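Everything on this sheet refers to the single structure shown next.
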Amino acid sequence: MVFTPSRSLITGASAGIGTALARRLAERGSDLVLVARREDRLRDLASELQSAYAVTCEVVALDLSGDRPGATLRARVEGDVDLVVNNAGIAAQGSFIDADAADLDRVIAVDMAALVDVCHAFLPNMAARRSGTILNVSSTTAFQPVPTLLCTRRRKPSC
Ligand SMILES: NC(=O)c1ccc[n+]([C@@H]2O[C@H](COP(=O)([O-])OP(=O)(O)OC[C@H]3O[C@@H](n4cnc5c(N)ncnc54)[C@H](OP(=O)(O)O)[C@@H]3O)[C@@H](O)[C@H]2O)c1
């Protein structure tokens, strides 16, 4: 059986795995809510998927490292979603001792706090409807202590 949600919200949809998931879900006919900071990339993806698969795509440009990102997202998304994909994440290598404290805060905010807050914001409606799915994208590195794998990637200008 193939799971096909009618409307899916994907964080980190502007690149990588999030973009790939958005394409696969649109291909199956799911409407989408695309979330990330780079609005231009989200809008390009929304246009592409709306044309190719006749789905509707809502774009929400949001920095998930901000205060209460889940509540902010819930307030900005119109209507219900039946799949939430917590995919946005940041990671990189470096020395913990030399790491910038603000970078460490950002990793915790995006990779952990935002995920919890988004679940907390979207689960009540799903529970009330007794239907809905949350997919939390993690990494095997979450279970492996890897020296120097710790801190936010400084995005190259070309990325
Ligand atoms: N690629 C791998 O090999 C791999 C392996 C294991 C697990 N994962 C996990 O899979 C997920 C996606 O990885 P990926 O490789 O596809 O990453 P990626 O290509 O670097 O994309 C990361 C996504 O997260 C978004 N993002 C980052 N910071 C954000 C913020 N503050 N607010 C909102 N959105 C933010 C980025 O969008 P903007 O920059 O536009 O905001 C982008 O859409 C991550 O959780 C990662 O840990 C990846």
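Atoms within a ligand are numbered from 1 in the order they appear, just like the ligands themselves. Nothing here was measured: the structure is a model prediction, and the numbers come from that model.
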Inset, instruction - Write down the atom of M126, the atom of V84, and the distance for their closest heavy-atom approach. - result: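 Here M126 and V84 meet closest at CE-CG2, 3.8 Å.
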What are the atoms of ligand 1, with element, lying closer than 4.0 Å to any heavy atom of [X]?
| X | result |
| --- | --- |
| G89 | 22 (C), 24 (O), 44 (C), 45 (O) |
| G16 | 16 (O), 19 (O) |
| S139 | 6 (C), 7 (C) |
| R38 | 37 (O), 38 (P), 39 (O), 40 (O) |
| L64 | 30 (C), 31 (N), 32 (N), 33 (C), 34 (N) |
| I90 | 27 (C), 28 (N) |
| D63 | 30 (C), 31 (N), 32 (N) |

Inset, instruction - With atom 26 (N) of ligand 1 as the reference point, say which of A88, G66, A20, A13 has the nearest heavy atom. - result: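 Looking at heavy atoms only, the winner is A88.
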Inset, instruction - Would you tell me which option among I17, L42, L115 has the nearest heavy-atom contact to atom 2 (C) of ligand 1? - result: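 Answer by nearest heavy atom: I17.
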Any N/O pair [X]/ligand 1 closer than 3.5 Å:
| X | answer |
| --- | --- |
| G18 | no |
| G12 | yes |
| N87 | yes |
| S14 | yes |

Inset, instruction - Using non-hydrogen atoms of the residue, decide whether L62 is closer than 4.0 angstrom to ligand 1. - result: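 It does; at least one heavy atom falls under 4.0 Å.
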Measure the [atom1]-[atom2] distance between [X] and [Y] for me, rounded to the nearest 0.5 Å.
| X | Y | atom1 | atom2 | answer |
| --- | --- | --- | --- | --- |
| E39 | S14 | CD | OG | 11.5 Å |
| I10 | N86 | CD1 | CG | 11.5 Å |
| R37 | S65 | CZ | OG | 7.0 Å |

Legend entry - Counterpart residues, side chain to side chain contact (heavy atoms under 4.5 Å, CB included), relative to A113 (two or more places apart):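 Side chain to side chain contact (heavy atoms under 4.5 Å, CB included) list for A113, sorted by chain: empty.
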Legend entry - Under 3.5 Å donor-acceptor, N87 side chain and V137 backbone: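 The answer is no, because no donor-acceptor pair under 3.5 Å joins these two groups.
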Legend entry - Any donor-acceptor pair under 3.5 Å from S8 side chain to S30 backbone: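 No, S8 side chain to S30 backbone: no donor-acceptor pair under 3.5 Å.
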Legend entry - Within residues 107-122 or reaching into it, pairs that qualify as salt bridge (charged side-chain N to carboxylate O under 4.0 Å, His left out) - sequence neighbours excluded: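 Only R68-D117 qualify under salt bridge (charged side-chain N to carboxylate O under 4.0 Å, His left out).
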Backbone, side chain, both or neither: what part of [X] comes under 4.0 angstrom of ligand 1, heavy atoms only?
| X | result |
| --- | --- |
| V110 | side chain |
| S138 | backbone |
| T11 | neither |

Legend entry - Trace of the side-chain contact (heavy atoms from CB on, under 4.5 Å) decision for L45 with S47: CA-CA 5 Å; L45 181 63; S47 301; over 6 Å; no
Inset, instruction - Taking atom CZ of R28 as the centre, report whether more than 12 heavy atoms of other residues, nucleotides or ligands fall under 6.0 Å from it. - result: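 Check passes, neighbour count above 12.
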Legend entry - Residue pair D31 / T56, side-chain donor-acceptor N/O under 3.5 Å: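 D31 vs T56: donor-acceptor pair found between side chains.
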